[in-house]
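This one's a predicted model, so the numbers in the text were calculated from it and none came from an experiment.
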Amino acid sequence: MPLDVETPTPPELEEIDPNQYEDAEILGDTDYHRDELDEFLREGAWDQAFDEWAAHTDVTPEEWNIVLELDLLKQFDFFWDDFADRVGYHAPGLPQDWKERKLHPELTSWGQVSSINAGLTELGQVVSETLKEDYIDWEAEYEAPDDLPDFG
């Protein structure tokens, strides 16, 4: 069942080194093109990706309200990874100690935490793919050497 909610405002991208994230390692050029990506998000990439994600997500309206009330969307980050010729992303998530920290009164199970974390990761992936496929027209500067083995 689709998540029928209003599309939230896209996150504002800040100058953060993506290598700080546990889930990212960026090699090579450090021009993350955040200004351009931020502009693309505001020009429609965020709305387009959010609509696509909301049509297929397993996140419930109750879980979505938790996301909004905890202001998790502000923690999204998108950056250009020139070496991999992709838009990298960092998705926010709920910490393992959510229960001890009493993060939200309606957050009561690991199932909710898992659904929210998986849903936000999926949203990040859809936004990343939308940016790369429909908005970015610059080429990566990395060129693979000619002597790489052919695994095809």
- Task: Report yes if some heavy atom in the side chain of L103 is under 4.5 Å from a heavy atom in the side chain of I66; otherwise report no.
- Result: no
- dist H104:NE2 -> L70:CG (nearest 0.5 Å) comes out at 5.5 Å
- Item | Min side-chain heavy-atom separation L13-F79 under 4.5 Å | no
- Message: Can you confirm whether E100 is buried at CD, in the sense that more than 12 heavy atoms of other residues, nucleotides or ligands lie under 6.0 Å from that atom?
- Response: yes
- Is the closest side-chain heavy-atom distance between L73 and L120 below 4.5 Å? yes
- What class does the angle between the rings of F40 and Y135 fall in, given that below 30° is parallel, 30 to 60° is tilted and above 60° is perpendicular? tilted
- Query: Do H56 and P2 come within less than 4.5 Å of each other through their side chains, counting heavy atoms only?
  - Reply: no
- Query: Taking the side chain as C-beta and beyond, is there a heavy-atom pair between S115 and E63 under 4.5 Å?
  - Reply: yes
- Taking the side chain as every heavy atom from C-beta outward, state whether E12 and K74 have any pair of such atoms under 4.5 Å apart. no
- Message: I'd like to know whether the aromatic ring centres of W64 and F50 sit less than 6.0 Å apart in this structure.
- Response: yes
- Query: Heavy-atom distance under 4.5 Å between the side chains of D81 and V87, does that happen here?
  - Reply: no
- For residues L123 and T57, determine if any side-chain heavy atom of one lies less than 4.5 Å from a side-chain heavy atom of the other. no
- Do D134 and Q48 meet the criterion of a side-chain donor-acceptor pair at a distance under 3.5 Å? yes
- Query: If you measure from CD1 on I136 to CG on L37, what distance do you get to the nearest 0.5 Å?
  - Reply: 5.0 Å
- Once you round to the nearest 0.5 Å, how far does CD of Q112 lie from CG of N117? 11.5 Å
- Task: Quick one: pull up CG in L107 and CG in N65 and give me the separation to the nearest 0.5 Å.
- Result: 12.5 Å
- Given the options R34, R42, E36, D38 meets side chain to side chain contact (heavy atoms under 4.5 Å, CB included) only with R42
- Task: Could you grab the distance from atom OH of Y89 to atom CG of L131, nearest 0.5 Å is fine?
- Result: 12.5 Å
- Note on the structure: Rounding to 0.5 Å, atoms CD (Q125) and CH2 (W53) come to a distance of 14.0 Å
